[in-house]
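Bear in mind the structure is a predicted one, so any value in this text is a computation, not a measurement. Letters A, B, ... mirror the listed sequences (proteins, then strands); counts begin at 1.
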Protein chains: 2
Amino acid sequence: MTEDRRPTLTTVAQRAQVSRQTVSNVLNTPEIVRPETRERVLRVIAELDYRPNVAARQLRTRRSSVLGLCVPPAADGISGQVLDRFLHALTEEAQRGGLRIMLFTAPDDEAEIREYENLRATTGVDGFVLANTHPRDPRTAWLAAHGVPFVSFGRPWDRGASSHPWVDIDGREGTRAATRHLLDAGHRRIAFLGWPEGSGVGDDRLAGFLAALDAAGLGPGGVVERCEDGVPEGEAAARRALVRDDVTALVCVSDSVALGAMTAVREADLADPARIVAISGFDDTPVAAAVGLTSVAQPVEDVAARAVALVRAQIHGDPVDTDRQVLIEPRLVVRATSPARH
Amino acid sequence: MTEDRRPTLTTVAQRAQVSRQTVSNVLNTPEIVRPETRERVLRVIAELDYRPNVAARQLRTRRSSVLGLCVPPAADGISGQVLDRFLHALTEEAQRGGLRIMLFTAPDDEAEIREYENLRATTGVDGFVLANTHPRDPRTAWLAAHGVPFVSFGRPWDRGASSHPWVDIDGREGTRAATRHLLDAGHRRIAFLGWPEGSGVGDDRLAGFLAALDAAGLGPGGVVERCEDGVPEGEAAARRALVRDDVTALVCVSDSVALGAMTAVREADLADPARIVAISGFDDTPVAAAVGLTSVAQPVEDVAARAVALVRAQIHGDPVDTDRQVLIEPRLVVRATSPARH
DNA sequence: GTGAAAGCGCTAACAT
DNA sequence: ATGTTAGCGCTTTCAC
């Protein structure tokens, strides 16, 4: 058990015959150091495998290069997957830019706010990423009021909510693309299986469906069945929609609902072999890929990249030249559940 | 924008009329401080809302109270859910014990090892949790060789591998319970849908199946069909198993395989209404709950608790009185796909 | 361009 | 039981 400690700035300085400060400059402001000195110092750094101690740096600079992320107590079913993919992407993107992601949990919004305070005061976390904002969210208001850098994955859905930096995926455009795809495949009577009215995300997705119908001259309005998110719920909703004999395609608000719809459709297809009902889901979860479900994919990597850029700008106090609100286009992934009609 | 900084030990000391050191003692070794002094200091701490600066503490104590966790580049399908649930549980458990989880990524094992070095040298991460160990894993060997505290969720599957602290779930016991459940339900000819031979986890689960058959006097051996993990793969494997008319139940190595099997079974049941084939999966993913699939649940909360305890013991240099290897019993969740035979 | 001094907030070691 | 001293490793400020 060797007890010798890691090299420090002083170790490097001695060995390179310069002052500590010069070594620090080589690392932080290399351009002000004479090239030959710089070379020599860099060589010693490599030789000794020197790495700066971030705790010491943080103590001095009051900057931790750490972002906090609250992981929700329970994964919310199948669609929870999206959040997990986002977490992977975020970690990767942050790391690429010299930032780290630190996790924490809280049972409710108030507790989460207390953790923000705590993490700021103790660990000196530089900023936060919120991944599950909801209407009337007290957390964004608190963070904004306290001047804490943050960004949310998800728009604020309240009318007149104070605007804060966010990145989101254009759900409306997603369902619009899915609906257009089904129209192109030859379907004329398409139903939408959505969530109960009032959820910002769900309403947004419904809007895209209606817009596509309208644009095709099939509007205004359309067949809409609503249900809570879930597989059996989706199955029941699909049954209700399929009562109408002319419905030949279902645009679903989520992969969970779509998975349930697939069961209902399978029965309907058996009852009337001439009636092949097409389906599209939303989120492009692994389940969708597994069962061959056409779905709308959320490019979480793009979201992560923009999100990191937005917090970083706030941390560095950079004037944010690009928009502080970013809407990202989703991508339709066509699979077996939406064949062209012959 | 008020620029006044947070209170420090000195602020508290002055206000409480004691030395800095006494305040520190109140926080770290309260028992050596006279009760009345302690009370007074604590009151001031509360008044000023003082919180210790962890960077300063870390600089002094060479301890960060941070655990590193590598998130895999890509979520591996439906069963990836287990890992995500583990991550939630781990965060919660760590936080409860005053530890934080810091995320990082690496494209391969070698890069991950480099990150270990990096995180140790720069951030002073106290230990690591590995969640995806595999046969011939160079990472555990490196960590052990360098005396870095760590624990893995998952046994080392190599014969004669150097033993390190780990926590795992007893997959063998899981499939044994599932098989026994189907035997109790009246099934006599049960097939196992497993992964290709050679994966430690898959072989372990198969062993439980065989053991249960043996114990019931139906062994040795049994109907075994193998396939890669995945829904369509599971469907094909189930078809192969169901060719035998006497097979009335399928024990599946994962929920993905089981989900595929459900499709095959549905067809078989339609072809012969008298033949109701039961199914069980493994992992108890949200999908299983959604489609009513009987499955073996992994109590990741327990795993997280034991894992945190094991790293903590190493960090503190505590003599580990309990076993450094912990095997946790899974729990069978009975749902609609395994009704009793009438 | 380089060096010296000071101090970020904390705790280990010793003195009282 | 409490106080004093010193220093963890780094960067900011100001000399040179």
Side-chain angles (χ1 to χ4, degrees), chain A residues 3-42 44-45 48-65 98 118 120-126 316, chain B residues 3-42 44-45 48-65 98 120-126 316-317:
Chain A
E3 251 318 337
D4 46 337
R5 284 218 268 280
R6 295 203 54 81
T8 75
L9 270 192
T10 313
T11 326
V12 176
Q14 285 170 346
R15 183 123 164 204
Q17 313 263 44
V18 291
S19 77
R20 258 188 7 227
Q21 186 47 35
T22 301
V23 182
S24 174
N25 284 337
V26 169
L27 262 39
N28 301 309
T29 22
E31 63 277 11
I32 74 161
V33 178
R34 182 153 29 105
E36 56 192 79
T37 317
R38 188 168 55 210
E39 288 306 322
R40 182 156 38 97
V41 171
L42 284 175
V44 175
I45 287 178
L48 297 180
D49 188 31
Y50 164 80
R51 327 262 179 112
N53 178 320
V54 300
R57 175 178 285 172
Q58 179 183 346
L59 190 56
R60 192 64 242 233
T61 62
R62 319 192 150 281
R63 193 148 281 164
S64 63
S65 295
N118 201 32
R120 291 281 286 180
T122 62
T123 309
V125 163
D126 284 341
H316 290 154
Chain B
E3 252 318 337
D4 46 336
R5 285 219 268 283
R6 295 203 53 82
T8 74
L9 270 191
T10 312
T11 325
V12 176
Q14 284 170 346
R15 182 121 165 204
Q17 314 263 42
V18 292
S19 76
R20 264 193 356 237
Q21 187 51 32
T22 301
V23 181
S24 174
N25 284 336
V26 168
L27 261 39
N28 301 307
T29 20
E31 63 275 13
I32 73 161
V33 177
R34 184 153 28 105
E36 55 192 81
T37 317
R38 189 169 53 210
E39 288 305 324
R40 182 155 40 97
V41 170
L42 284 175
V44 174
I45 287 178
L48 298 179
D49 189 30
Y50 164 79
R51 325 262 179 113
N53 179 318
V54 300
R57 175 178 286 173
Q58 178 183 344
L59 190 55
R60 192 64 243 241
T61 61
R62 320 189 148 282
R63 194 149 280 166
S64 64
S65 296
R120 290 282 286 180
T122 61
T123 309
V125 162
D126 285 341
H316 290 153

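Atoms CG (Leu59(B)) and P (dC8(D)) sit 9 Å apart, rounded to a whole Å. Distance, Arg34(B) CZ to dG3(D) C1': 13 Å, rounded to whole Å.
In summary, contact between chain B and DNA chain C, defined as any nucleotide atom under 4.0 Å from a heavy atom of the protein, begins and ends at dG9(C) to dA13(C) in the 5' to 3' direction.
Within the 4.0 angstrom heavy-atom criterion, only backbone atoms of the sugar-phosphate kind lie near Thr37(B); the bases stay farther away. Nucleic acid contact for Val18(A): sugar-phosphate only, since backbone atoms but no base atoms lie under 4.0 Å from a heavy atom of the residue.
Every residue was checked against the side chain to side chain donor-acceptor pair (under 3.5 Å) condition with Thr122(B), not counting sequence neighbours, and none meets it. Considering only residues two or more places apart in sequence or on other chains, Arg34(B) meets the salt bridge (Lys or Arg N to Asp or Glu O under 4.0 Å) condition with Glu36(B). By the salt bridge (Lys or Arg N to Asp or Glu O under 4.0 Å) test, Arg62(B) pairs with no residue at all, sequence neighbours left out. Applying the side chain to side chain donor-acceptor pair (under 3.5 Å) rule to Thr10(B) yields no partners; only residues at least two apart in sequence or on another chain are considered. The side chain to side chain donor-acceptor pair (under 3.5 Å) test applied to Thr61(A) returns no partner, not counting sequence neighbours. Legend: residues meeting side chain to side chain contact (heavy atoms under 4.5 Å, CB included) with Thr123(A), ordered by chain and number and at least two apart, are Met102(A), Leu119(A), Val125(A), Val54(B). Every residue two or more places apart in sequence or in another chain that forms a side chain to side chain donor-acceptor pair (under 3.5 Å) with Thr22(B) is listed here: Ser19(B).
In terms of position along DNA chain D, the nucleotide closest to Ser19(B) lies nearer the 5' end than the nucleotide closest to the other residue of the pair Ala56(A) and Ser19(B).
Taking 4.0 angstrom as the limit, Arg6(A) places none of its side-chain polar atoms (N or O) nearer than this to OP1 or OP2 of dG9(D).
Within the structure, the salt bridge (charged side-chain N to carboxylate O under 4.0 Å, His left out) test picks out the following pairs touching residues 50-60 of chain B (sequence neighbours left out): Asp49(B)-Arg51(B). Legend: salt bridge (charged side-chain N to carboxylate O under 4.0 Å, His left out) pairs involving residues 8-32 of chain A, not counting sequence neighbours, sorted by first then second residue: Arg15(A)-Glu47(A).
End-to-end axis angle of the helix from dG1(C)-dC16(D) to dT16(C)-dA1(D), from C1' rotation axes over five pairs per end: 40° (rounded to 10 degrees).
Residues Leu48(B) and Val12(B) have side chains in contact (heavy-atom distance under 4.5 Å, counting atoms from C-beta outward).
For the pair Asp126(B) (side chain) and Ser64(B) (backbone), a donor-acceptor distance under 3.5 Å is present.
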Inset, instruction - If a protein heavy atom is under 4.0 Å from the base, mark B; if only from the sugar-phosphate, S; if neither, -; do that for nucleotides 11-16 of chain D going 5' to 3'. - result: BB----

